[in-house]
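Keep in mind that what you see is a predicted model, and the values were worked out from it rather than measured.
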Amino acid sequence: MQAVHQEDRLTRLEEENYFLQAKLEELNQALVFQQKQLDALEASLLKVSTILEQMRCQQDMREDDLKANERPPHYDSW
């Protein structure tokens, strides 16, 4: 009787171990997929940040050009 009980217990533990290993592998794959998504998002964010910085520099240059070509206020009083 004791041997049957221990055998049933061992079988249950082996089944539980199998399912836990399967779940661990599933979670690991999900984590790998999420890391790939994060890497892609970081690369995209870096590109967008670079483009935005370039646009800001261009805007600053345009504003500087406009200020350089502006007539001083005292010219309008003549």
Side-chain angles (χ1 to χ4, degrees):
M1 181 83 173
Q2 182 74 7
V4 172
H5 177 69
Q6 285 183 349
E7 196 172 307
D8 288 344
R9 184 170 179 259
L10 180 60
T11 301
R12 281 195 318 267
L13 288 172
E14 287 173 341
E15 288 173 352
E16 186 175 334
N17 182 49
Y18 171 80
F19 289 114
L20 287 173
Q21 284 181 347
K23 184 54 79 174
L24 181 61
E25 180 59 30
E26 180 183 331
L27 291 171
N28 185 48
Q29 297 221 353
L31 185 62
V32 168
F33 178 74
Q34 288 177 347
Q35 186 61 51
K36 288 179 182 178
Q37 286 181 315
L38 281 173
D39 292 344
L41 285 171
E42 285 178 345
S44 294
L45 181 59
L46 181 59
K47 287 179 185 177
V48 169
S49 295
T50 301
I51 291 169
L52 182 58
E53 185 60 31
Q54 290 172 346
M55 291 173 70
R56 283 184 182 148
C57 288
Q58 289 174 355
Q59 181 66 28
D60 289 345
M61 287 173 37
R62 278 190 217 115
E63 288 175 2
D64 290 345
D65 287 345
L66 287 175
K67 287 178 185 175
N69 293 329
E70 267 183 14
R71 292 178 62 172
H74 65 277
Y75 276 32
D76 292 332
S77 62
W78 291 89

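R9 is linked by a side-chain hydrogen bond (donor to acceptor under 3.5 Å, both in side chains) to nothing, counting only residues two or more places apart in sequence or in another chain. Applying the side-chain hydrogen bond (donor to acceptor under 3.5 Å, both in side chains) rule to Q35 yields the partners D39; only residues at least two apart in sequence or on another chain are considered. Every salt bridge (Lys or Arg N to Asp or Glu O under 4.0 Å) that E26 has, sequence neighbours left out, goes to K23.
Atom CD of E7 sits in a sparse spot, with 12 or fewer heavy atoms from other residues, nucleotides or ligands closer than 6.0 Å.
Here L10 contributes atom CG and E15 contributes atom CD; the two are 10.0 Å apart, rounded to the nearest 0.5 Å. Annotation: the span from L24 atom CG to Q29 atom CD amounts to 10.5 Å, rounded to 0.5 Å. Separating the CG atom in L46 from the CG atom in L41 is a distance of 12.5 Å, to the nearest 0.5 Å.
A donor-acceptor pair shorter than 3.5 Å cannot be found between the side chains of Q21 and E25. For the residue pair Q58/Q54, the side-chain donor-acceptor check at 3.5 Å is not satisfied. Checking Q59 against R62 by side-chain atom types alone, a donor-acceptor pair falls below 3.5 Å.
Using a 4.5 Å heavy-atom cutoff, the side chains of L38 and Q34 are not in contact.
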